[in-house]
Engineer: 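Below is the structure I would like to discuss, written out as structure tokens.
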Amino acid sequence: MNNINIKYLMLFAFALVGCEKGYLDRQPEANISPETYFRTEKDLELYTNSFYDALPSAEGVYNEAVDNIVKNALSEDLTGLRQVPVSGGGWSWSQLRNINYFLENYNKTVPEAQAAKHAATARFFRAYFYFDKVKRFGDVPWYSKSLNTNDEEELIKPRDSRVLVVDSIMADLNYAIEHLPTAKSDEKVTKWTALALKSRVALFEGTFRKYHKNLNLPKSNELLSEAAAAAKTLMDSKQYSLYKGNGSDGYGLLFSSVNSIPEEVILSRKFSTALQIFHNVNYYTITASYGKPGLEKDLVNTYLMKDGSRFTDKSNYATLSFLEEIQDRDPRLSQTIRTPGYKRIGGASPIAPNFGHTVTGYHVIKFVGDVKYDSFNISENDMPIFRFAEVLLNYAEAKAELGEITQADIDISIKLLRDRVGMPNLTLATANSSPDPYLKNQYKNVSGTNSGAILEIRRERRIELVMESFRWDDLMRWKEGHLLTRQYKGMYFPSIGKFDLDGDGKEDIWIYEGDRPNQSGIQLLKLGSEILLENGKSGNVIINGHIKKVFDENKDYLYPLPIQELQLNPNLTQNEGWK
């Protein structure tokens with residue numbers, strides 16, 4: 001091997017090991033070796049605690065910005081401006097090396113019987129790590145050991161197929177399910193967390209392979225069966241149920257609760273004033289500083305009526321005022337956005353949506369806590385990473401995609417979500433005999449005798465999991481990226497003028513032309529600059545109308561590998577369509 005290749009090999013190994021000072025780089029006073037450091041179970045636990053940094057931050061949960069929650073700016077993912085990065089771009093392996101190092105050394109002193117649950121934690125996080133890589137890049141090199149600079153063949157190996165990688169992920173999760181503790185914990189991974197992740201991984205990959213037919217990937221039905229089985233095992237365990245609150249308000253209370261509710265939350269990211277660990281969700285929703293997030297009109301249209309009928313079956317649904325469209329809807333809508341009568345936790349009186357804080361007018365309240373948390377970065381409510389509602393949705397979708405779903409399956413999954421908010425159950429026969437034309441027009445790839453059920457489960461998933469950052473992955477696996485290119489819209493206004501948004505008899509906004517009115521106590525929005533309407537002086541609010549959204553079906557379902565990695569490893573290949 002010539003000097004240039006050796007140089008590249010050493011640089012690649014350095015990148016793989018990780019250039020940041022991490023857990024393995026911290027040297028105690030004495031020399032460290034696995035035999036001297038991994039001596040007790042406590043040592044193993046302390047080391048595996050570092051793996052939890054892989055879980056999403058609070059912003060990684062609530063800061064969704066695809067086509068559910070829209071803002072006054074668009075990411076490069078939506079505008080076609082993604083480029084091949086020189087370095088980075090998600091191609092990072094230092095966390096994997098830490099995990100593999102542990103798995104090579106965890107039982108050199110501690111007996112296997114005691115150490116196995118800690119190995120199970122490590123294998124859970126290796127599965128979690130690789131699931132992220134497969135979603136992002138497709139094929140990636142699978143490494144089951146930590147690498148050093150002399151591991152030449154491994155360092156310059158080509159990418160392994162996603163089939164091999166996903167099989168390896170599933171093997172890790174099966175080990176984790178067998179060896180992790182069964183005692184519930186919302187801050188430590190358990191058998192139940194591993195089952196939840198297995199249902200998530202298998203559903204993603206099973207549907208990805210089903211709908212990306214051009215890739216000719218095998219075993220889609222086998223994976224869907226595993227997703228359903230993992231979810232059903234967790235459901236049958238009776239370890240979790242849906243939090244109902246004080247009637248039908250449990251959905252909203254679940255997210256504003258300071259401490260995660262272990263009745264439903266399987267794993268959460270913890271925050272605490274006592275520990276000075278905070279996030280920013282209140283400030284995010286009540287200022288203009290973070291893009292003024294708001295629900296998109298199409299999502300609002302998707303919520304059913306409270307009696308279970310379809311809102312979009314109304315002949316005039318598209319031109320209803322906010323006060324009209326919000327009446328008698330699925331209660332999850334009023335627990336997700338400000339609706340008439342909404343009062344802040346700790347607030348004194350009802351407040352209307354504020355266009356100064358939301359571009360669409362559909363002002364989000366999910367995760368928003370007491371007014372005492374309104375200052376910058378002082379929110380402390382825990383963030384759910386896995387919750388039981390997702391498991392129910394995974395089960396229903398997997399069974400529907402397999403063509404095996406029955407009314408009994410609906411009754412143990414979707415019905416529970418509907419029951420929580422006082423909604424009637426989904427009737428399978430009706431859904432399949434009369435698929436929703438509004439949804440059918442969106443999801444172009446859904447067909448067959450079971451299409452109505454699939455569409456209704458997708459509706460339920462989008463509504464239940466909004467603002468929890470599932471939407472991008474869902475559109476990618478369903479091969480429905482074209483939905484990202486639609487014009488984003490907000491509330492409908494029949495004209496310019498003054499409008500009462502909450503029905504209290506007082507006008508809340510004034511859409512005006514010309515000089516700014518001299519009036520206080522009302523939101524003043526100048527037409528053409530502070531607000532745009534679809535038809536000029538009427539219609540839906542238009543968001544980012546001047547920015548073209550682009551999704552390339554030939555390449556945008558995966559991200560590109562960085563240029564530096566392709567130079568360092570000549571056996572790596574770039575994803576199709578990326579130059």
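Keep in mind the model is a prediction, meaning the values are calculated, not measured.
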Engineer: Any salt bridge between D419 and K415, counting N to O under 4.0 Å?
Structural biologist: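 Result for this pair is yes, salt bridge flagged.
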Engineer: Suppose we screen for side chain to side chain donor-acceptor pair (under 3.5 Å). Which residues come up paired with Y342, at least two apart in sequence or across chains?
Structural biologist: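 With neighbours one apart ignored, the set is empty.
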Engineer: Ring of Y559, cation from R82 - is the NZ or CZ under 6.0 Å from the centre and inside 45° of the axis?
Structural biologist: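 Flagged: R82 positioned over aromatic ring of Y559.
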Engineer: How far apart are the closest heavy atoms of S185 and K188, and which atoms are they?
Structural biologist: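 Scanning both residues, the minimum pair turns out to be OG-N, 3.0 Å.
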Engineer: Would you call E205 and R200 a salt bridge, taking side-chain N to carboxylate O under 4.0 Å as the test?
Structural biologist: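 The answer is no: the pair does not qualify as a salt bridge.
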Engineer: Taking the side chain as every heavy atom from C-beta outward, state whether V541 and L533 have any pair of such atoms under 4.5 Å apart.
Structural biologist: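 The answer is yes; the side chains approach within 4.5 Å.
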Engineer: Return the orientation label for the F322 and Y362 ring planes: parallel under 30°, perpendicular over 60°, tilted otherwise.
Structural biologist: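 Aromatic pair F322/Y362 classed tilted.
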Engineer: Please determine whether a side-chain nitrogen of the Lys or Arg among K244 and E263 lies less than 4.0 Å from a carboxylate oxygen of the Asp or Glu.
Structural biologist: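 Judged by the 4.0 Å cut-off on N to carboxylate O distance, K244 and E263 do not form a salt bridge.
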Engineer: Strictly below 4.0 Å, N to O, side chains only: are E456 and R459 in salt-bridge contact?
Structural biologist: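 Here E456 pairs with R459 in a salt bridge, since their nearest N and O are under 4.0 Å apart.
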Engineer: Quick one: list whatever passes ring-ring contact (aromatic ring centres under 6.0 Å, His included) with Y290, sequence neighbours left out.
Structural biologist: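 Checked Y290 against ring-ring contact (aromatic ring centres under 6.0 Å, His included); zero matches.
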Engineer: Look at the side chain of S434 and the backbone N and O of A431, then say whether any donor-acceptor pair between them is shorter than 3.5 Å.
Structural biologist: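 Absent.
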Engineer: Identify, with sequence neighbours excluded, every residue that meets side-chain contact (heavy atoms from CB on, under 4.5 Å) alongside N381.
Structural biologist: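 For N381, the residues satisfying side-chain contact (heavy atoms from CB on, under 4.5 Å) (neighbours in sequence not counted) are H279, V281, F367, S379, M383.
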Engineer: Does R486 pair with D67 as a salt bridge, N-O distance under 4.0 Å?
Structural biologist: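 Yes, R486 and D67 are salt-bridged.
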Engineer: Which residue is it: R471, K489, R462? I am looking for the one with a salt bridge (charged side-chain N to carboxylate O under 4.0 Å, His left out) to D298.
Structural biologist: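 Considering R471, K489, R462, a salt bridge (charged side-chain N to carboxylate O under 4.0 Å, His left out) with D298 is found only for R462.
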Engineer: Using distance alone, with no hydrogens and no angle criterion, decide if N540 and Y488 have a side-chain donor and acceptor under 3.5 Å apart.
Structural biologist: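 No, no side-chain donor-acceptor pair sits under 3.5 Å.
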Engineer: Between Y240 and K184, is there a side-chain heavy-atom distance shorter than 4.5 Å?
Structural biologist: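 SC-SC contact between K184 and Y240 confirmed.
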Engineer: Using side chain to side chain donor-acceptor pair (under 3.5 Å) as the criterion, list what pairs up with D508, not counting sequence neighbours.
Structural biologist: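 None.
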Engineer: Could you tell me which non-hydrogen atom of Y128 sits nearest to which non-hydrogen atom of A54, and how far apart they are?
Structural biologist: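 Minimum heavy-atom contact is CE2-O, 3.7 Å.
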Engineer: Mind checking whether F125 and Y52 have side chains closer than 4.5 Å, heavy atoms only?
Structural biologist: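 The answer is yes, as the side chains (C-beta and beyond) meet within the 4.5 Å cut-off.
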Engineer: Would you call K526 and D515 a salt bridge, taking side-chain N to carboxylate O under 4.0 Å as the test?
Structural biologist: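 No salt bridge links K526 with D515.
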Engineer: Using the side chain to side chain donor-acceptor pair (under 3.5 Å) criterion, which residues pair with R461? Sequence neighbours excluded.
Structural biologist: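 If we apply the side chain to side chain donor-acceptor pair (under 3.5 Å) test to R461, skipping adjacent residues, the hits are N394, D474.
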Engineer: Mind checking what makes side-chain contact (heavy atoms from CB on, under 4.5 Å) contact with S495, not counting sequence neighbours?
Structural biologist: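 Expected list: F499.
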Engineer: What do the steps show when you test R269 against E187 for salt bridge (charged side-chain N to carboxylate O under 4.0 Å, His left out), and what is the final call?
Structural biologist: CA-CA 7 Å; R269 187 103 189 198; E187 58 182 325; over 6 Å; no
Engineer: State, without any angle test, whether T193 and T190 hold a side-chain donor-acceptor pair at a distance under 3.5 Å.
Structural biologist: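 There is such a pair (donor and acceptor under 3.5 Å, judged by atom type) between the side chains of T193 and T190.
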Engineer: Could you tell me whether R332 and D330 have a side-chain N and a carboxylate O separated by less than 4.0 Å?
Structural biologist: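 A salt bridge is present here (some side-chain N lies under 4.0 Å from a carboxylate O).
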Engineer: With sequence neighbours left out, write down each residue that passes side chain to side chain donor-acceptor pair (under 3.5 Å) with K366, or none if nothing qualifies.
Structural biologist: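 Scan of K366 (side chain to side chain donor-acceptor pair (under 3.5 Å), adjacent residues dropped) gives Y251, E468.
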Engineer: Can you tell me how far CG of N445 sits from NZ of K479, rounded to the nearest 0.5 angstrom?
Structural biologist: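 Reported to 0.5 Å precision, the distance equals 6.5 Å.
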Engineer: In chain order, what residues pass the side-chain contact (heavy atoms from CB on, under 4.5 Å) check against K444, with sequence neighbours excluded?
Structural biologist: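 With neighbours one apart ignored, the set is N441, E480, H482.
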Engineer: Using a strict 4.0 Å threshold on nitrogen-to-oxygen distance, state whether R310 and D436 make a salt bridge.
Structural biologist: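 Counted as a salt bridge, because a side-chain N and a carboxylate O are separated by less than 4.0 Å.
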Engineer: In chain order, what residues pass the ring-ring contact (aromatic ring centres under 6.0 Å, His included) check against Y62, with sequence neighbours excluded?
Structural biologist: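 Y62 satisfies ring-ring contact (aromatic ring centres under 6.0 Å, His included) with Y284 once adjacent residues are dropped.
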Engineer: Assess whether a salt bridge exists between R418 and E460, defined as any Lys/Arg side-chain N lying under 4.0 Å from an Asp/Glu carboxylate O.
Structural biologist: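 Judged by the 4.0 Å cut-off on N to carboxylate O distance, R418 and E460 do form a salt bridge.
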Engineer: Nearest heavy-atom pair of K399 and A228: which atoms, and what distance?
Structural biologist: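 Minimum heavy-atom contact is CD-CB, 3.8 Å.
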Engineer: Rounded to the nearest 0.5 Å, what separation is found between the CG atom of L267 and the CD1 atom of I385?
Structural biologist: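 It is 6.5 Å, given to the nearest 0.5 Å.
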Engineer: Would you tell me whether Y283 and D374 have side-chain atoms, one donor and one acceptor, within less than 3.5 Å of each other?
Structural biologist: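 On atom types as modelled, these side chains do not qualify, holding no pair under 3.5 Å.
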Engineer: Would you call E401 and I454 a side-chain contact if the rule is heavy atoms closer than 4.5 Å?
Structural biologist: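 Touching, per the 4.5 Å side-chain cut-off.
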Engineer: Mind checking whether I286 and R344 have side chains closer than 4.5 Å, heavy atoms only?
Structural biologist: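 Side chain of I286 against side chain of R344, heavy atoms only: contact under 4.5 Å found.
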Engineer: List the atom of A453, the atom of N432, and the distance in Å for their closest heavy-atom pair.
Structural biologist: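 Closest heavy-atom pair between A453 and N432: N-OD1, 2.9 Å.
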Engineer: Above 12 or not: heavy atoms from other molecules or residues under 6.0 Å from CD of Q407?
Structural biologist: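 More than 12 heavy atoms, drawn from other residues, nucleotides or ligands, come within 6.0 Å of this atom.
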Engineer: Does any non-hydrogen side-chain atom of T360 lie less than 4.5 Å from one of V70?
Structural biologist: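 V70 reaches T360 side chain to side chain.
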Engineer: Looking at E324 and K314, does any basic side-chain N land under 4.0 Å from a carboxylate oxygen?
Structural biologist: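 So E324 does not pair with K314 through a salt bridge.
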Engineer: Does the structure place the NZ or CZ of K440 under 6.0 Å from the centre of the six-membered ring of Y443, at an angle of no more than 45° from the ring's axis?
Structural biologist: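 Judged by the rule, K440 and Y443 form no cation-pi pair.
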Engineer: Who pairs with I522 by side-chain contact (heavy atoms from CB on, under 4.5 Å), at least two apart in sequence or on another chain?
Structural biologist: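 In terms of side-chain contact (heavy atoms from CB on, under 4.5 Å), with neighbours along the sequence ignored, I522 is linked to K498, E507, W510, Q519, L524.
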Engineer: Start with the C-alpha gap between E380 and K372, add the side-chain angles, then the distance that decides, and say whether salt bridge (charged side-chain N to carboxylate O under 4.0 Å, His left out) holds.
Structural biologist: CA-CA 11 Å; E380 61 169 337; K372 69 182 181 181; 5.6 Å; no
Engineer: Please tell me if the side chains of E325 and V300 come closer than 4.5 Å, counting only heavy atoms from C-beta onward.
Structural biologist: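 They are in side-chain contact.
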Engineer: Can you find a side-chain donor-acceptor pair between N301 and T312 that sits under 3.5 Å?
Structural biologist: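 No pair is found: no donor N or O on one side chain lies under 3.5 Å from an acceptor on the other.
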Engineer: Near K537 NZ, under 6.0 Å, is it more than 12 heavy atoms from other residues, nucleotides or ligands?
Structural biologist: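 Not buried by this count: 12 neighbours or fewer within 6.0 Å.
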Engineer: Considering residues at least two apart in sequence or located in another chain, which fulfil the ring-ring contact (aromatic ring centres under 6.0 Å, His included) criterion with W472?
Structural biologist: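 Per chain and number, W472 pairs via ring-ring contact (aromatic ring centres under 6.0 Å, His included) with no residue.
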Engineer: Examine F131 together with F204 and report whether their ring centres are nearer than 6.0 Å.
Structural biologist: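 Yes, they do, as the ring centres are separated by less than 6.0 Å.
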Engineer: Suppose we screen for ring-ring contact (aromatic ring centres under 6.0 Å, His included). Which residues come up paired with Y373, at least two apart in sequence or across chains?
Structural biologist: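 None.
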Engineer: Within a strict 4.5 Å, meaning less than it, do heavy atoms of the H357 and T285 side chains meet?
Structural biologist: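 Not touching, per the 4.5 Å side-chain cut-off.
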